[in-house]
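The structure under discussion appears below in the form of structure tokens.
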Amino acid sequence: MTFNETNGTIKFPDYDMNESFTKFRWKELAPVLVVYSLTFFLGLIGNVVIIASTLCPRLRPLPATPTNVFLGGLATADLLLIIFCIPVKIAKLFSYTWTMGIFLCKSVHYMQSVSAICSVVTLTAMSIERYYAIVHPMRAQYTCTISQARKIVIITWAASFLLGIPMVFTQRHKEVGQRVIAYWCVRDPDAAFLWKAHEVYMLVLVLVLPLTVMAFCYTAICWEIWKVMKRRYHMTSRHALNPNNIDAECIPMTPRQNSMRNGRRVRRENGQTEEESRTMKQVVKMLVAVVVLFAICWGPILIDNVLTAYRILPRQRKGIYKHMNTAFHLMAYFNRWGCVRGWCLFD
């Protein structure tokens with residue numbers, strides 16, 4: 001591009017405008033397209049199956065429990081995110097501009113924000129429900145009910161629609177181009193403070209607060225399980241070490257019979273203790289894995305957005321930065337499957 005000082009006009013080099021919009025780098029696009037497509041179809045089928053298994057009375061093979069109600073709400077939020085998010089991202093892979101208008105520009109990103117918030121808040125509510133069910137079982141009989149779980153799911157959805165409103169003001173339908181007027185759907189660079197505040201807001205709302213609550217609940221659950229198993233171990237050990245504690249009405253046994261009976265009892269109780277110990281370790285590992293998986297999957301994309309808003313990372317992604325951003329988005333989708341699978345095993 002050259003500038004003519006005589007008449008003040010800009011002279012563009014000769015190139016084919018249509019070719020520039022229809023020529024794609026398939027070596028770069030094909031792997032991303034395959035991953036997005038698989039994520040969309042697997043997520044669509046999987047979440048529909050979970051919703052039908054937990055929320056539909058006629059099709060429901062799973063029992064009606066508070067945890068399954070939460071799983072149904074979580075699957076609904078994930079389904080909403082997949083429907084609104086992945087098709088838009090696939091379309092953006094093949095377009096340099098936003099051609100769907102200002103309404104869809106704001107509404108699509110708003111619904112993405114709502115579904116992400118609802119999904120994370122539902123995971124947090126599930127951890128609190130499990131905390132009461134295990135640490136405070138007597139209180140859970142009145143608080144952890146199916147009706148309460150349904151109310152919490154409804155409140156979670158209503159709160160998510162309210163908490164996602166800042167996205168409407170942050171996303172901008174921006175006019176670009178000189179020879180050909182087009183539009184971008186991007187964060188508003190002219191409102192730098194609003195952009196930065198929104199990304200910090202999402203980091204705290206979607207990662208910091210839920211991670212803190214889940215870490216507390218799961219730590220309390222692990223500690224409670226450890227105490228119960230420790231008490232059982234001491235009780236069985238004392239019982240095994242007191243073979244002479246026999247009821248007076250029992251028929252006396254010879255020393256050999258008594259020794260054989262006590263030996264079988266000790267082996268059986270030791271086997272039960274070892275099995276319970278393995279179960280406890282599996283539950284603890286699963287709970288730790290859910291928290292770590294949540295942090296690993298949600299942390300990178302949210303931190304990346306904050307660093308981009310503060311211009312620590314470049315806004316225009318090229319090379320490794322572009323692939324890194326795509327991987328971060330996919331990790332947020334993969335978190336759903338790990339958390340849902342973990343909760344199904346735990347329930």
Side-chain angles (χ1 to χ4, degrees), residues 50 54 62-63 65-78 81 116-146 148-153 155-156 159-160 163 202-233 273 275-303 331-347:
I50 293 174
T54 56
L62 297 178
T65 63
T67 301
N68 288 337
V69 173
F70 284 126
L71 282 175
L74 179 63
T76 304
D78 294 343
L81 182 66
I117 293 172
C118 185
S119 177
V120 172
V121 173
T122 303
L123 283 173
T124 307
M126 292 169 71
S127 67
I128 297 174
E129 187 267 339
R130 290 288 87 184
Y131 166 79
Y132 275 99
I134 295 175
V135 180
H136 303 287
M138 298 301 295
R139 191 183 303 176
Q141 296 180 1
Y142 306 98
T143 58
C144 300
T145 61
I146 297 177
Q148 289 287 356
R150 289 171 179 169
K151 292 178 182 178
I152 292 174
V153 169
I155 293 173
T156 298
S160 300
L163 294 173
M202 290 296 293
L203 177 66
V204 173
L205 181 64
V206 177
L207 182 66
V208 177
L209 290 179
L211 187 61
T212 302
V213 174
M214 284 192 287
F216 169 79
C217 292
Y218 294 154
T219 302
I221 290 172
C222 293
W223 178 248
E224 183 67 21
I225 293 175
W226 175 263
K227 290 192 300 182
V228 170
M229 296 304 302
K230 192 174 181 179
R231 286 196 297 266
R232 285 186 179 182
Y233 174 78
T273 303
E275 181 67 24
E276 291 173 350
S277 178
R278 285 195 297 267
T279 303
M280 180 196 70
K281 291 179 180 179
Q282 291 177 355
V283 171
V284 171
K285 288 180 180 179
M286 188 276 298
L287 293 175
V288 173
V290 169
V291 176
V292 173
L293 182 67
F294 178 84
I296 291 176
C297 291
W298 275 109
I301 184 61
L302 294 170
I303 295 174
M331 287 168 63
Y333 301 139
F334 294 155
N335 175 72
R336 274 55 171 198
W337 293 103
C339 290
V340 169
R341 179 176 173 81
W343 275 110
C344 289
L345 293 175
F346 187 36
D347 190 43

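Please read these numbers as outputs of a predicted model, since none were measured by experiment.
One finds the SG atom of Cys217 at 12.5 Å from the CE atom of Met126 (value rounded to the nearest 0.5 Å). Atom OG1 of Thr212 and atom CG of Leu207 lie 8.5 Å apart (nearest 0.5 Å). In this structure, Ile50 CD1 and Leu71 CG are separated by 7.0 Å, a value rounded to the nearest 0.5 Å. Considering CG of Leu203 and CD1 of Ile303, their distance stands at 6.5 Å, rounded to 0.5 Å.
No side-chain heavy atom of Ile301 sits less than 4.5 Å from a side-chain heavy atom of Met331.
Evaluation of the ring pair (Phe, Tyr, Trp, His ring centres under 6.0 Å) rule for Tyr132 yields His136 as partners, not counting sequence neighbours. Partners of Ile146 by side-chain contact (heavy atoms from CB on, under 4.5 Å), not counting sequence neighbours, listed by chain and number: Ala64, Pro66, Val69, Arg150. By the side-chain contact (heavy atoms from CB on, under 4.5 Å) test, Leu209 pairs with Val204, sequence neighbours left out. Residues passing the side-chain contact (heavy atoms from CB on, under 4.5 Å) test with Pro210 are Val120, Thr124, Met214, Phe294, sequence neighbours excluded. Scored by the side-chain contact (heavy atoms from CB on, under 4.5 Å) test, Thr156 finds Cys118, Val121, Thr122, Ile152, Ser160 as partners (sequence neighbours excluded).
When all heavy atoms of Ala116 and Trp298 are compared, the closest pair comes out as CB-CH2, 3.8 Å. Nearest heavy-atom pair across Ile134 and Ile221 is CD1-CG2, 3.8 Å.
Evaluation of the salt bridge (Lys or Arg N to Asp or Glu O under 4.0 Å) test over residues 212-226, restricted to residues two or more places apart or in two chains, returns Glu224-Lys227.
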